[in-house]
Chemist: 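Structure below; questions to follow.
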Number of protein chains: 2
Amino acid sequence: MATRLSDVAARAGVSVKTVSNVINDYPHITAHTRAKVEAAIADLDYRPNVSARSLRKGRSDFIALAIPEMASPYFAELGAAFSRAAKRRGITVLIEQTEGEPAAEQMVLDGMRGQLIDGIVFSPITSTPAKIGAAVSSGKPLILLGERTAGGTFDHVAVDSVQAAYDATTHLISLGRRRIAAIGVGGGGASGTGAVRRRGYRKALKAAGLPHDPALELAGTGYHRLDGAASMRALLELPEPPDAVFCFNDLLALGALRTLNDAGLSVPDDVAVVGFDDIEDGRYHSPSLTTISPDKEWLADQTVALLLERIAGSGEDARRTLTVPYTLEIRESTAG
Amino acid sequence: MATRLSDVAARAGVSVKTVSNVINDYPHITAHTRAKVEAAIADLDYRPNVSARSLRKGRSDFIALAIPEMASPYFAELGAAFSRAAKRRGITVLIEQTEGEPAAEQMVLDGMRGQLIDGIVFSPITSTPAKIGAAVSSGKPLILLGERTAGGTFDHVAVDSVQAAYDATTHLISLGRRRIAAIGVGGGGASGTGAVRRRGYRKALKAAGLPHDPALELAGTGYHRLDGAASMRALLELPEPPDAVFCFNDLLALGALRTLNDAGLSVPDDVAVVGFDDIEDGRYHSPSLTTISPDKEWLADQTVALLLERIAGSGEDARRTLTVPYTLEIRESTAG
C-alpha cells in the first residue's frame, strides 16, 4: 500500500499540515523540523502526489515539444536533448509529431487542447506567420524553433542558416570545386529552410565569382534519404554533372552518397558531399559525412531555460531570438 | 477574435443549446437542424472547445507512448508509426523519453502525474516485473511493449525474439558461415532483449550442430553504433576472428560495419553481418544491411486499437499478447 502523508507525519512526530508545508517548501519552518520530516520521507520512501501539488502551485512541470517528424534523426536527436535538458530542471517533456499537418499545428498553437502543460516549443512547417501570430491568445508561453518566425510575436530559436550554408559552400569552393549543386532548395516554402539555405549557397558562389546554374539547384519532394538519392540520380544525368553537392540536410546527403556509390563514383574524388544537421548516422557512415553541426545540446538547454523563464514570468518582457552556435565538421566526404 | 458558440447559433437561427447538442452528437436532432448548424460551423470556421468537450465525455483523446530513447532510430520510427496510427483514429500521441531511468519509468507506471491521458503504451527497461505489477492501481489502461512482461498483469506486444534470432542465425549458417559471433547479449538484464535473442542464437547453432564459443558472445555496454564498433574491434583481435556477426540491433550492426570498413575487410566476403529492427539507415547503407524487420506499422496500429478498446472498456477482459509479424530482409551485408 502506498505511504500517505499521515504516515510521514506519525513517523516524524509532527502534524500532517507541517509535512505538507515542508513538501511545498513553505518558509517559516525550522531546520530541525525540516530535517525530521525529510528523514521520515526518506525512511518511508514517500512520493508526494505531484498532481495535487501542481494544481496548488498552478504548474504541471510538463512542457510540450511539437516537431514535424519523429523519425527524422535530427528531430529525434533534438527531442532527446530537450528531454535531458528538461530533466536536469525537474521538468518532463512530452513530444508531439505534427507531420506538418495544419490541423495538428493549429492544435499546438491553441495550447494543446487543455493538456496540463506549462509551455510549448514548436517547430512549425505549414502554419503561416498570420496563423502563428493569432495564437498569442492561448495564453501558454510558446517558443518557435527553426526558420519560420512570426514577425517577433514569439521568442525564436534558430541557426543562422544563411551563414551556415555560406560556410558549407565556401568549404567546397576552397577545395577547388567549381560545379557545386544544391539539393533541398524547395524545403518549407517561401520562408522555409530551402529558401534560406539557398540564399547562403548563392551568396558563397557569388563571393567566389562563380555563376549559379539553375540546373544544379534541386528541390526534390522532401528531406529524406529517398529524395537525396533521386536528386543525385538526376544530377548525374546532366550533360555536365557536378563535382560537389551541398545537401540541405544529412538525410539528403546520405541518400546522395548511396546513389554515388551505386554509380561507381568515388567520394570525394569525383564528387564531394556536404550535409547539414550532424546526425549520428553521418559520423559512422563510410565515408563519414562533412556537415554543419548545430549545437543541439546548447539549443535544447537554452530553449528550455528561456521557456521556464517565460512560464515563471521572470526576466525581460521583450521577445528574444537565440542564435544557435554551429561548426563545420570536416570529414571524409570532402577531405577523403 | 475567435468564433463563439453563440455566433454559430445566431447564424444558424437556433439556440446555443441546439448547437451544443449537434457538436456533441446527441440523438433526437433532426437532419434539417443538424445541416443548418453544420453549415454555420463551416461558414464561420468555428472550432469547438475540445477541452471542455473532453471533460464532459471523460476522455481527452490523448494517449502517451513512453520509450527509453528518442534518438534510437527504431524507437523514433516506432513513435512516428504510433503517431500516424493514432491520428487515423482522431487521437493524439504524446511521447516521453524515460532513458530507462527508474524515476521516469515509475512516473509512467503511476499514470503520468495527472496528465489528461486516456491510456499509456510503455516500453520498460529497468522496471522490475514486481514494480510493473504494482502499477495496476493507476487506473489508466496500460500496454507493455518489448521483452519485459509482468506475468500477465498487462496486455503485452512483442516480436517473438527467440524465433527471429533463430532465423537470423540460421540464415548465416545457410551461407556456410561457421564462426558466428553475437553482439549485444548483455542488453536489458536477465529478462531483457540480450538474453532472449541469445537464446534464439544459441538454439540455431545447436540445431546446426555448431558449438557455441563464449568468446564470440559480446555484451558491450549499450545498443548504439559506438558499442557495435567497439565490439567488432574486440572480435577482430581474437586469434580466430568470426566469419559472420549477428548484431542484436541495427545500430550495433552499423557500428560493426564501420569497423570492418576501417579494417579493410570486405562485407560479406570476409564477414557477413545481420542486424535487427530494419531502420531506414540500414536500407541506404553501403552495403545495405540484412536484418530482421518487425512490422512497425502493424505493431503501432494493433497496439493503438487494443488500447482504445481498453479505454472504452469494450472487448474481452482477459489480458492479450500481440505477437508482431516480422520478415528477414536479405540485403548486401550477407548476400553481396
Side-chain angles (χ1 to χ4, degrees), chain A residues 2 47 49-52 54-55 60-62 64 69-73 75-84 87 92-99 101 104 106-107 110-117 134 137 224-226 228-229 251 254-255 257-258 261-262 279-281 283-286 288, chain B residues 1-2 47 49-52 54-55 60-62 64 69-73 75-84 87 92-99 101 104 106-107 110-117 137 224-226 228-229 251 254-255 257-258 261-262 279-281 283-286 288:
Chain A
R47 276 185 321 246
N49 180 334
V50 189
S51 154
S54 326
L55 289 175
S60 69
D61 292 339
F62 277 86
E69 268 196 294
M70 191 87 48
S72 165
F75 285 112
E77 292 181 11
L78 205 59
F82 266 97
S83 176
R84 284 190 297 271
K87 197 169 286 174
T92 301
V93 178
L94 297 176
I95 300 187
E96 207 232 321
Q97 163 170 289
T98 63
E99 297 185 79
E101 281 185 9
Q106 190 61 52
M107 191 197 69
D110 288 345
M112 308 281 293
R113 260 200 258 153
Q115 281 294 317
L116 301 179
I117 277 166
S137 58
H224 299 101
R225 291 180 179 86
L226 186 74
L251 287 185
L254 291 164
L257 286 173
R258 176 76 218 200
N261 183 76
D262 291 348
I279 62 175
E280 187 183 282
D281 191 349
R283 269 172 263 156
Y284 279 83
H285 197 274
S286 308
S288 57
Chain B
M1 210 181 62
R47 276 186 319 248
N49 181 336
V50 189
S51 155
S54 326
L55 289 175
S60 69
D61 292 339
F62 277 87
E69 268 195 295
M70 191 86 49
S72 165
F75 285 111
E77 291 180 11
L78 205 58
F82 266 96
S83 175
R84 286 190 296 271
K87 197 169 286 172
T92 303
V93 178
L94 298 176
I95 300 187
E96 206 232 324
Q97 163 169 287
T98 63
E99 296 187 81
E101 282 186 9
Q106 189 60 52
M107 191 197 72
D110 288 346
M112 309 281 292
R113 260 200 256 152
Q115 281 293 318
L116 301 179
I117 277 167
S137 58
H224 299 100
R225 290 180 179 87
L226 186 74
L251 287 184
L254 292 164
L257 286 172
R258 175 75 218 201
N261 184 77
D262 291 348
I279 62 175
E280 188 183 283
D281 190 349
R283 268 171 265 156
Y284 279 83
H285 198 275
S286 307
S288 56

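By convention in this document, chain letters (A, B, ...) are assigned in the order of the sequence lines, proteins followed by strands, and residues within each chain are numbered from 1.
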Chemist: Which atom pair, heavy atoms only, marks the closest approach of A:Ala229 to B:Tyr284?
Modeler: CB-CE2, 4.3 Å

Chemist: Under 4.5 Å from any heavy atom of chain A, what part of B:Asp281 do you find: side chain, backbone, both or neither?
Modeler: both

Chemist: Using side-chain heavy atoms (C-beta onward) and a distance below 4.5 Å, is A:Arg283 in contact with B:Arg225?
Modeler: no

Chemist: So for B:Leu226, is it side chain, backbone, both, or neither that comes closer than 4.5 Å to the heavy atoms of chain A?
Modeler: both

Chemist: Picking from A:Arg84, A:Glu101, A:Glu280, which has the most non-hydrogen pairs under 4.5 angstrom with chain B?
Modeler: A:Glu280

Chemist: Which bit of B:Glu69 comes within less than 4.5 Å of chain A, counting heavy atoms only: side chain, backbone, both or neither?
Modeler: neither

Chemist: B:Ala104 versus chain A, heavy atoms under 4.5 Å apart: side chain, backbone, both or neither?
Modeler: side chain

Chemist: Please report the shortest heavy-atom distance between A:His285 and B:His285, naming the atom on each side.
Modeler: CD2-CD2, 4.5 Å

Chemist: Relative to chain A, which of B:Glu96, B:Lys87, B:His224 shows the most heavy atom pairs under 4.5 Å?
Modeler: B:Lys87

Chemist: Below 4.5 Å from any heavy atom of chain A, which atoms of B:Ser288 appear? Answer side chain, backbone, both or neither.
Modeler: both

